[in-house]
Amino acid sequence: MKQFIQVKDVAHIDTLVQKALAYKANPLLDQEMGRGKRIGLLFLNPSLRTRLSTQVAAQNLGMEAIVFNVDKEGWALEFTEGAIMNGSTVEHIKDAAPVLGHYFDLLCIRTFPGLVDQVEDYSEKILNQFIQYSGIPIVSLESATLHPLQSLTDLITIQESMASTTSFNHKKPKVVLTWAPHIKAIPQCVANSFSEWMNAWGEADFVITHPKGYELATQFTDGATITHDQDAALKAADFVYVKNWSAYNAYGKILCTDHQWMMTNQKLALTNDAKIMHCLPVRRNVELSDEILDGPNSLVTQTASNRVWAAQAVLGEIIKTTGASF
Ligand code: CP
């Protein structure tokens, strides 16, 4: 693996999942692998889980991890080619990224979409310039359109949960991604990425349900069953992934605030005693009810803890492939 920004960067999804579970069983399995390597974790936006789990993962592999909150501590970066920089930006990415490429063996970036200009966001303008100008392997810690470390973690957790029961013998799980309400306009990244990974994995009966107007980009959802009937989608579901996203077509808009879309125990009763997932952070009693989050069907804490093993598997594969330095 030379970089990790989308599912296509992974040669064998199930092999990567098994690698992550091997690290979960033995966190220091490859503690010498990254010795002498330095990883930069750059945050242009906030994070709790991604920041800390990736740091822990890097340290488990013997790497030195340095976190840089670009949004708070760095110079304001310019990403537009040919910009006349007489405004608020101080340093062009063409100048900053090569410097980072000399300080680090591997660079991880978190950057959110602006949710104003769909074309700009979906071109991954910021992430692609780090790839273009840094000259070292790049790992996405969530970009304008995708959150691959989260999706790998989600798949690890689904497989782990399936392995803990005999009820899936030779049966594909029914996995439902359901839209949920939110008070703010939220990126499509997690929903895009979950859809992309579920479709690439191909071992689930994958259904997406959302109100009219919340259609995601088909490049990620093609292969899934899509319905506006949440109750029908939830019927016999084994896993329910709850997530809000803002509209893709009416880009960045909130079109629905109907609290009937919130996941509750009443809706859980429609499922096959489904496990409930959410990437966190979650707005309690807006997206998901307390009773679900605090109940026995919730996988949210287990999922968040698995972020370490997903990151460790990805960093390990990149070190193995590239030596993590050019
Ligand atoms: N799920 C997730 O990415 O959490 P953070 O935003 O806290 O990193």
Side-chain angles (χ1 to χ4, degrees), residues 4-7 17 20 24 39-60 65-73 107-115 121 124 126-127 130 138-158 160-161 175 177-180 182-198 220 239-246 263 275-284 286-288 292-293 298-315:
F4 186 73
I5 59 170
Q6 57 182 329
V7 74
V17 168
K24 183 167 185 171
I39 181 171
L41 306 176
L42 267 58
F43 288 86
L44 285 77
N45 297 95
S47 164
L48 185 152
R49 281 143 290 271
T50 308
R51 167 194 306 258
L52 296 172
S53 62
T54 311
Q55 262 184 285
V56 173
Q59 286 168 6
N60 283 347
I66 294 179
V67 176
F68 182 32
N69 299 309
V70 181
D71 55 338
K72 296 180 185 70
E73 298 156 358
L107 203 52
C108 305
I109 318 286
R110 166 164 283 200
T111 175
F112 286 169
L115 290 180
D121 287 345
E124 291 288 4
I126 293 177
L127 186 68
F130 276 104
I138 298 286
V139 171
S140 167
L141 301 177
E142 186 169 352
S143 68
T145 65
L146 294 170
H147 195 351
L149 278 175
Q150 181 65 52
S151 306
L152 172 58
T153 308
D154 298 332
L155 187 52
I156 290 165
T157 310
I158 287 171
E160 194 178 37
S161 178
V175 178
L177 168 63
T178 180
W179 182 91
H182 204 286
I183 58 160
K184 289 178 68 179
I186 299 293
Q188 297 96 36
C189 314
V190 171
N192 284 344
S193 201
F194 187 74
S195 303
E196 184 185 60
W197 280 72
M198 277 299 127
F220 306 117
F239 294 90
V240 179
Y241 201 95
V242 183
K243 187 73 187 87
N244 171 268
W245 61 89
S246 58
M263 193 70 199
K275 298 295 185 192
I276 306 298
M277 303 178 72
H278 188 285
C279 63
L280 299 181
V282 64
R283 295 268 181 166
R284 279 178 173 251
V286 176
E287 294 174 86
L288 269 165
I292 291 264
L293 282 162
S298 171
L299 290 181
V300 296
T301 307
Q302 183 180 335
T303 306
S305 73
N306 282 339
R307 292 292 306 269
V308 172
W309 320 119
Q312 196 166 332
V314 166
L315 299 182

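Remember, it's 1-based here, ligands and their atoms both numbered in the order they're listed.
Taking a cut-off of under 4.0 Å to the non-hydrogen atoms of Cys279, the atoms of ligand 1 that pass are 1 (N). The Leu48 neighbourhood of ligand 1 comprises atoms 5 (P), 7 (O), 8 (O), with distances under 4.0 Å to a heavy atom of that residue. Listed by atom number, the atoms of ligand 1 under 4.0 Å from Arg307 heavy atoms are 1 (N), 2 (C), 3 (O).
At least one donor-acceptor pair closer than 3.5 Å links the side chain of Asp121 to the backbone N or O of Leu115. Between the side chain of Trp179 and the backbone N or O of Trp245 there is at least one donor-acceptor pair closer than 3.5 Å. When atom types are taken as modelled, the side chain of Ser305 and the backbone of Gln302 share a donor-acceptor pair closer than 3.5 angstrom. The closest donor-acceptor contact from the side chain of Thr153 to the backbone of Leu149 lies under 3.5 Å.
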- Taking it one step at a time, do Ser246 and Gln188 satisfy side-chain hydrogen bond (donor to acceptor under 3.5 Å, both in side chains)? CA-CA 6 Å; Ser246 58; Gln188 297 96 36; 3.2 Å; yes
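In terms of polar-atom proximity, Pro46 is not counted as a contact of ligand 1, lacking any N or O under 3.5 Å from an N or O of the ligand.
The minimum heavy-atom distance linking Ser140 with Leu127 is given by the pair CB-CD2, 4.3 Å.
Protein heavy atom at the shortest distance from atom 6 (O) of ligand 1 is Arg110 NH1, 2.8 Å. What sits closest to atom 4 (O) of ligand 1 on the protein, heavy atoms only, is Arg49 NE, 2.9 Å. Counting protein heavy atoms only, atom 1 (N) of ligand 1 is closest to Leu280 O, 2.8 Å.
The residue from Asp154, Val7, Ile158 that alone fulfils the side-chain contact (heavy atoms from CB on, under 4.5 Å) condition with Met198 is Ile158.
Residue contacts with ligand 1, taken as heavy atom pairs separated by less than 4.0 Å, do not involve Val190 at all.
Across the listed options His147, Arg51, Glu142, His147 owns the non-hydrogen atom lying nearest to atom 3 (O) of ligand 1.
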